[in-house]
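Position 1 is the first residue of the sequence; numbering continues from there. Note that ligands are numbered from 1 as they come in the structure, with each ligand's atoms numbered from 1 the same way.
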Amino acid sequence: MSEASIWSLAQNGHREDPALSIMRTLWDQPRWLEAYHLYDDRGSELFEQICELPEYYLTRTENALLEKDAAKIIAAAPVQCIVELGAGSAKKTTHLLSEQARQRGSGIFAPIDVSLPGLLASREYVRAQLPAIEFHGLHARYEEGVCSIDRDLPTLFVFIGSTIGNFNPAAFVRFFSLLSQAMGPNDFLLLGADRVKDRRVLEAAYADSQGLTAEFILNVFKNINRLTGGKFDLSKMRYHSWYNPEWAQIEMYAVATAAHDISFPSFGRSFHWPKNARILVEISRKFDPIRLQEQLGFFDLRPVKHFTDAKEWFSLLLFQKAA
Ligand code: AVI
């Protein structure tokens with residue numbers, strides 16, 4: 001245990017070596033990165049700021065939905081435990097926790113996140129504002145954390161923020177297979193998913209006028225340099241994003257502004273990065289909620305309720321694990 005009521009999986013040897021994960025995808029064709037490397041302390045801070053941007057409608061819209069529909073969600077999911085995957089500071093989840101306290105008088109909140117500052121912030125909030133809720137944080141990647149959850153308590157798994165959009169198709173299938181296996185017949189899943197919409201709205205959300213998204217995406221290379229000893233030079237790259245309609249996804253790239261070599265002395269490797277060549281840093285997939293409900297049926301997840309906003313920009317989908 002690293003902090004009171006926050007546990008870590010690191011000592012159990014479950015954690016994948018991040019430097020190796022980076023090298024494996026950087027040497028792929030085309031070069032790409034796993035999204036979780038974006039969330040070092042600075043990255044997490046920048047992402048919190050992105051969530052406040054006028055162009056970034058996702059957080060506001062989902063938060064308003066949670067505020068409006070938390071009572072219905074909790075009433076439809078009779079659980080004792082709420083596990084949030086990739087919780088961050090868990091601000092939006094407090095609507096669910098307040099309802100859990102109001103409707104049932106008690107509950108456990110078990111957020112899982114790679115960011116320790118996020119876990120500390122949510123612990124502080126829960127302790128101060130929601131004394132009826134017990135806090136058990138897990139400092140881990142949620143893919144790893146899910147497997148170590150107590151299976152005996154009826155649980156609502158919360159995976160919001162459209163984080164599912166950052167998974168490539170193979171990771172999507174792996175994630176829902178794993179999650180479904182970890183769930184019992186009394187368990188529920190609340191999934192937040194950003195929807196396909198006018199591409200101008202989508203593209204503006206990932207190319208904000210303050211340049212915060214660019215800073216967030218390029219910050220990953222500072223983290224990579226720290227983790228791998230690599231020599232990425234941020235002055236020789238720029239951010240580029242666009243909406244790919246065929247794949248229904250925003251693609252976020254780092255583009256070389258001049259040809260140069262990137263070396264990784266501790267691995268004894270380097271690669272040439274030609275001018276205008278790109279590294280795919282992140283994707284953000286957009287969904288058709290009905291198709292998503294049908295798809296998750298193939299993972300034994302039965303749709304229970306669907307909540308959306310007036311513009312139909314964002315969906316909260318509640319599922320129950322099939323018996
Ligand atoms: C965390 N995730 C849902 C964000 C998104 O919208 O895909 C990450 C993000 N990347 C750039 N802006 C926001």
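- Checked against the 6.0 Å centroid threshold, Phe159 and Phe175 count as a close aromatic pair.
- If you look at Phe232 and Phe221, their ring centroids are closer than 6.0 Å.
- Counting non-hydrogen atoms of neighbouring residues, nucleotides and ligands closer than 6.0 angstrom, the CZ atom of Arg104 exceeds 12 such neighbours.
- At a cut-off of 3.5 Å, with distance as the only test, a side-chain donor of Tyr253 or Glu251 sits close to an acceptor on the other residue.
- Taking the six-membered ring wherever Trp is involved, the centroid distance between the rings of His139 and Trp7 does not fall below 6.0 Å.
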Pairwise, report which nitrogen or oxygen atoms of ligand 1 are under 3.5 angstrom from protein nitrogen or oxygen atoms, and how far apart they are.
unit_1	atom_1	unit_2	atom_2	d
ligand 1	2 (N)	Asn166	OD1	2.8
ligand 1	6 (O)	Tyr56	OH	2.5
ligand 1	6 (O)	Tyr206	OH	2.5
ligand 1	7 (O)	Asn166	ND2	2.9
ligand 1	7 (O)	Ser284	OG	2.6
ligand 1	10 (N)	Glu282	OE1	2.7

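- Annotation: Trp27 is in aromatic contact with Phe264 [ring centroid separation under 6.0 Å].
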